[in-house]
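Keep in mind that this is a model prediction, so the values were computed, not measured. Positions are given from 1 along the sequence. These values consider heavy atoms only, across backbone and side chains, with no hydrogens, waters or symmetry-generated copies.
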Amino acid sequence: TGRIELLRGSAGARYGNAGGGVLLVETLPGEPTPTLSLRGAIGSDGDERQQVSLSGVSGDWNYRASISDLNYDGYREHSAARNRQASLRLAHDTGENSDWLFTVHHTDQPEAFDPGGINLAQANANPRSARDANISFGAGEALEQTRLGLRYRRPLKDRTRILWRQYATQRTFDGFLPFGNSGAIDLDRVFFGGGLQIEHQPAPAGRWGTVVAGIDIDRQRDERQRFNNDAGRRAALSLDQEERVSANGVFLLWQFEPSAALNLEAALRYDSVDFDVDDQFLSNGDDGGSLTFDAWSPSLGLSFAVAEGKTIYANVARSFDTPTTTELANPGTEGGFNAALDPQIALQFELGTRITLGAHSLSAALYSIDLDDELIPFELEQFPGRDFFANAGATDRQGVEFSIRSTWHPNWFTEFSYTFSDFEFSDFVTDDGDDFSGNRVPGSARHQYFGKLQYADNSGWLGAIEVARVGSITLNNQNTVATEAFTRMELRLARTFETSRWRLEPFVAVSNALDEAYTANARINAFGSRFYEPGPDRAVFVGFEARRSLGSR
């Protein structure tokens, strides 16, 4: 990974079927000269990691190949994991501002055991323990996946460019859940798609701004089988169905700068998503069927530069988020899709500012989201550890996000952020007549703080302290149970040594340095009060990175 960018707020007008922000991940390009990189680390709880990569530039080609391996015994009982990955990135500059990018990534995860959620008494008495049923039923998963990607960019004529992309992914998945009836999963998935985007400036010098038009086409096919789970072994077949998803979207985006200080952006997108299921296990009836969801996603935003380094902005946007095929599973039945489940529809308002004052940068945002039909997970007694989903009538989400970054000295850097989240059900009455209106939406902390202090000097020393404070998290719709607030501290110390060919960086890191007890993963609305997955206590890691230039001296 070379770069990760988080687009906060609703991005449905440009990216379609997504209810919140967008996480853009870009693969790291090759080094300017051929370089061999080796990384290794060992740590607490049997954590072992290795990676080797080769990258560089050759003529018009930019390349990076990487192989990595992870072995982890796990903090909790029955939580070991193994993961091997290989990737290749090839970029070719064809001249005249045109280029190709090809990527391939393979993941082999032969085991990832699931210790499951436990109740509070068990979590306090023995946080390393696993749920008994997860052990006896062999809960966990194995996955193998290969992904291919291709992108092409080029100018068509003056003030017009095109971007074409294509991808295909094949995945095999085997899973065991902690119950007998239909507790073993065999899934073969293929998903592929692509898009075409045209960018055009209607007039020279961008007088009328930039217009972007695009089309996205995506397809997915799942061959899903479920078997009874006989102590971690497949038993009788209980479900056999083919699931297909077709998603088509078109969008139009206009970016316009009426003045040097004012920027406007308007976008409109239409999406249609079809779900089809063919039931091939007919001994218990035909559960086949189809569902279609479609939505318009408009957005409007403006930003105004009040002065140099000081900008205010405002956005309003509508987005939708369909359930996945897994979330569409019928509660309490074997096959088919849950026709009672609807997409989430969000209307979001945001007001914020970005300020740069010398070596200090500050950002702050206020937002409000009206969310209809929010997808809320729950469990059933006969399927413990398996999430089903229901729509909440409506929820209101208001919040504040604030961060400030400062470089106090060439060697010293600090960062602080605070998030306030006030999420509640504005209208939620279940089919059983339970009224949760006015309750907090489970799964999020009202207050979160983060602070970082980093030192780096020219001699190669680097040290960092990170502290995160997470408030209590409500665990059920009734708001009767919540986690305890906790503080996590992370420490890192590294030193870089350089020779004519090698760059060596040994490091030591301490995770959860305060040895705080906390819930790493909260299971929302879990049956039997098994809400808690305790996180690791204090852990120490040591490792190194070694880089060698393979170019000429």
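Note: Phe256 and Trp254 meet the aromatic proximity criterion, with ring centroids under 6.0 Å apart.
Residues Ile369 and Glu374 have side chains not in contact (no heavy-atom distance under 4.5 Å, counting atoms from C-beta outward). Using a 4.5 Å cut-off on side-chain heavy atoms (C-beta onward), Asp387 and Glu327 make no contact. Using a 4.5 Å heavy-atom threshold, the side chains of Pro536 and Asn512 count as separate.
Classified by interplanar angle (parallel below 30°, tilted 30° to 60°, perpendicular above 60°), the ring pair Phe275/Phe293 is perpendicular. Ring planes of Tyr449 and Tyr418: tilted class, angle from 30 to 60°.
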Practice prompt. For side chain to side chain contact (heavy atoms under 4.5 Å, CB included), just list the numbers for Arg503 and Thr35, CA-CA rounded to whole Å, side-chain angles, deciding distance to a tenth of an Å, and then say yes or no.
Written response: CA-CA 11 Å; Arg503 181 179 183 271; Thr35 301; over 6 Å; no
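Legend: salt bridge (Lys or Arg N to Asp or Glu O under 4.0 Å) pairs involving residues 33-44, not counting sequence neighbours, sorted by first then second residue: Arg39-Glu545. Sorted by first and then second residue, the ring pair (Phe, Tyr, Trp, His ring centres under 6.0 Å) pairs involving residues 140-168 (not counting sequence neighbours) are Trp100-Tyr152. For residues 407-421, the salt bridge (Lys or Arg N to Asp or Glu O under 4.0 Å) pairs, not counting sequence neighbours, are Arg405-Glu415.
The CZ atom of Phe192 sits 8.0 Å away from the CZ atom of Arg221 when rounded to the nearest 0.5 Å. With rounding to the nearest 0.5 Å, the separation of OG1 in Thr356 from CZ in Arg354 is 9.5 Å.
Residues that satisfy the ring pair (Phe, Tyr, Trp, His ring centres under 6.0 Å) test with Phe497, not counting sequence neighbours, are absent from this structure. The ring pair (Phe, Tyr, Trp, His ring centres under 6.0 Å) test applied to Phe191 returns no partner, not counting sequence neighbours. Here Arg147 pairs with nothing under the side chain to side chain donor-acceptor pair (under 3.5 Å) rule; sequence neighbours left out. Annotation: salt bridge (charged side-chain N to carboxylate O under 4.0 Å, His left out) contacts of Glu31 (sequence neighbours excluded): Arg64, Arg547. Scanning for salt bridge (charged side-chain N to carboxylate O under 4.0 Å, His left out) contacts around Arg492 gives Glu505, with sequence neighbours left out. Annotation: side chain to side chain donor-acceptor pair (under 3.5 Å) contacts of Thr172 (sequence neighbours excluded): none. In this view, Asp222 and Arg189, Arg224 satisfy the salt bridge (charged side-chain N to carboxylate O under 4.0 Å, His left out) rule, not counting sequence neighbours. Residues forming a ring pair (Phe, Tyr, Trp, His ring centres under 6.0 Å) with His200 (at least two apart in sequence, or on another chain): none. In this view, Gln255 and Glu265 satisfy the side chain to side chain donor-acceptor pair (under 3.5 Å) rule, not counting sequence neighbours.
Judged by the 6.0 Å distance and 45° axis criteria, Arg397 is positioned over the aromatic ring of Phe423.
Heavy atoms only, all atoms of each residue included: Ala65 and Leu88 are closest at CB-CD1, 4.0 Å.
Ion pairing between Asp99 and Arg151 holds under the 4.0 Å rule for side-chain N and carboxylate O.
Inspection of the Gln241 and Glu243 side chains reveals an N or O donor paired with an N or O acceptor under 3.5 Å.
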